[in-house]
Amino acid sequence: MLIDCNNFYCSCERVFNPKLAKLPIAVLSSNDGCIIARSLEVKAMGIPMGAPYYKYKQLIKSHDGKVFSANFELYGDMSRRVMRAIYSFTPNVEIYSIDEAFVSFDGVGHNELQELALAIKQRIYQWTGIPVSIGIGPTKTLAKVANHIAKKQSGDYIFNISDKAKQQQVLANFAVEDIWGVGSKWALKLRGFGINSAMKLCQVDIKWMRQNFSVVGERLVRELKGISCLDLDDLQPKKSIASSRSFGKAVNNKEELAEALSYHVARCCAKLRQQNSKVKVLYAYIRTNRFREGNDFYHDSALHEFAVATSDTGLVIKAVKSCLNKIFRAGYDYTKAGVILTDLVQAEQIQQDFFAKPDSERNSSLMQIIDDVNRRYCNKGLFWGAQGVRQAWKPRCDFRSPRYTTNWDELMVADTAMPAKEAG
DNA sequence: TCTGGGGTCCTAGGACCC
DNA sequence: TCTGGGGTCCTAGGACCC
């Protein structure tokens, strides 16, 4: 099964504000830049996924629509609750993204699957208020196909193609670009060969597919045929960790860039330690507005390789500053900065160096304490001076809803309208 | 005026080895 | 005149996903 939350971010907003139920609503990306989640009403207005907000601001307003700045603390917490509901049915779950999970029910019959899906859907809704669509099929790719259809159907939003005959019928009417794993480039290429439906793709010669679309394409075709090539993945430590933000307003001085980059390093290192990893290579970049006309677009990046892998925020901040020294050019209006930690290794598997020292125990304890404090105080506990205090570069975020479930100061107030004597 | 952020996997080609 | 065969490792870039 593929269980996927419907318009997830929009649904999260609606759970805590039922007045939004029938209104067109959209959720914006960081810096209130792009539209990254749309309610059905907004989709019906023809607004595409990922569209720049400023281009559709008026249209949304004219339909009495409402927009929200991304509230990932809320969405992340709601996601955990949805996943907990799914795990209450089986441990065979792969959390695929913030709003979807693959679930394996090997050996369960067709009809039982249908009932099971309904029970899962109902429990998720009861526990969280989030509506989901469920696709059922013999492989991940076919479950994705089924889910795609489930979403477009009203009713119970469950679609089952575990039956072979049903698969044939569905694939014939399924556009090739809607298949999971077929992006814009491949869609064009496939259509160029006259392959325009999932059925046609299912029937191609497997060797030809391999030659033209690599092993990835071969797996895709096999999956469509019902031969499983993609297993349920366990949660693995990340191989790279990134943090970046577009600035709320342009930044032209080096000090502020250094603060922004230090902020990103601190975020990444906290995530790094959380998965018990250390980093070998740091990559830092800055850039100006890439959409602006003319040729004053400037972007550059620099790399720092640590002799011994580290997870000490202080060391990585020092490194990011030396990177910035290499790439900073005065006289530009910068609009974005970011870092990527890559070549990550597990903490107990680090390669020693004859000349350099590994992280000291003293510093490791310090990091541990900082992480504990920040977890306890919602990331408002301790930070490095290098991150700065004004943070004038912070992204715009004009329409954020309260963090209803994770922040003491923003909890929902349920009884303001109730007279005191009834409240008891 | 205004355009996001965070990931994974695969391949070709270059460099090297004997 | 004529110049083999069999490997490994690394990286940049391109494709994809949400």
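In what follows, chains carry the letters A, B, and so on, assigned in the order in which the sequence lines appear, proteins first and then strands, with residues in each chain numbered from 1.
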| message | So, using ring pair (Phe, Tyr, Trp, His ring centres under 6.0 Å) as the criterion, who are the partners of A/Tyr87 when residues are at least two apart? | response | none
| query | Between A/Ser30 and A/Ser214, which is nearer to the 5' end of DNA chain B once each is assigned its nearest nucleotide? | reply | A/Ser30
| field | Output field: ring centroids A/Tyr334/A/Trp393 closer than 6.0 Å | value | no
| field | N/O donor-acceptor pair under 3.5 Å between A/Asn31 side chain and A/Arg245 backbone | value | no
| Quick one: do A/Glu41 and A/Arg14 make a salt bridge, cutoff under 4.0 Å? | yes
| task | Could you tell me whether A/Arg376 and A/Asp372 make a salt bridge, using a distance below 4.0 angstrom between a side-chain N and a carboxylate O? | result | no
| message | Both A/Arg396 and A/Ser244 contact DNA chain B. Taking the nearest nucleotide for each, which residue is further toward the 5' end? | response | A/Arg396
| query | NA contact type, A/Lys55, heavy-atom cut-off 4.0 Å: base, sugar-phosphate, or nothing? | reply | nothing
| query | Which stems does DNA chain B form, counting runs of 3 or more consecutive Watson-Crick or G-U wobble pairs with both distances under 3.5 Å? | reply | B:5-18 with C:5-18
| Interface with DNA chain C, restricted to residues 184-206 of chain A and to heavy atoms under 4.0 Å | A/Ser184, A/Lys185, A/Trp186
| field | Residues within residues 84-103 of chain A bordering DNA chain C, heavy-atom distance below 4.0 Å | value | A/Tyr96, A/Ser97, A/Asp99, A/Glu100
| said: What's A/Lys57 touching, base or sugar-phosphate or nothing? Going by heavy atoms closer than 4.0 Å. | reply: nothing
| field | SB check A/Arg273 A/Asp371 (cutoff 4.0 Å) | value | yes
| request: Extract, from 5' to 3' on DNA chain B, the first and final nucleotides lying under 4.0 angstrom from some heavy atom of chain A. | output: B/dC2 to B/dT11
| query | Donor-acceptor pair, A/Asp99 side chain versus A/Asn6 backbone, under 3.5 Å? | reply | no
| Is the shortest side-chain N to carboxylate O distance from A/Lys321 to A/Glu255 below 4.0 Å? | no
| message | Given 3.5 Å as the limit, does a donor-acceptor pair link the side chain of A/Asp4 with the main chain of A/Ser133, or not? | response | no
| Do the side-chain N and O atoms of A/Thr128 and A/Arg81 include a donor-acceptor pair separated by under 3.5 angstrom? | no
| task | On the 0 to 90° scale, with breaks at 30° and 60°, tag the A/Phe16-A/Tyr404 ring pair as parallel, tilted or perpendicular. | result | parallel
List the atom pairs, donor and acceptor, that lie under 3.5 Å between side-chain atoms in residues 185-194 of chain A and the rest of the protein, sequence neighbours left out.
unit_1   : atom_1 : unit_2   : atom_2 : d
A/Lys189 : NZ     : A/Asn212 : O      : 2.6
A/Arg191 : NE     : A/Glu177 : OE1    : 2.9
A/Arg191 : NH2    : A/Glu177 : OE2    : 2.9

| said: Tell me whether A/Lys140 is salt-bridged to A/Glu94, with the criterion being a basic N under 4.0 Å from an acidic carboxylate O. | reply: yes
| task | Select base, sugar-phosphate, or nothing to describe what A/Leu28 touches, counting heavy atoms under 4.0 Å on all strands. | result | nothing
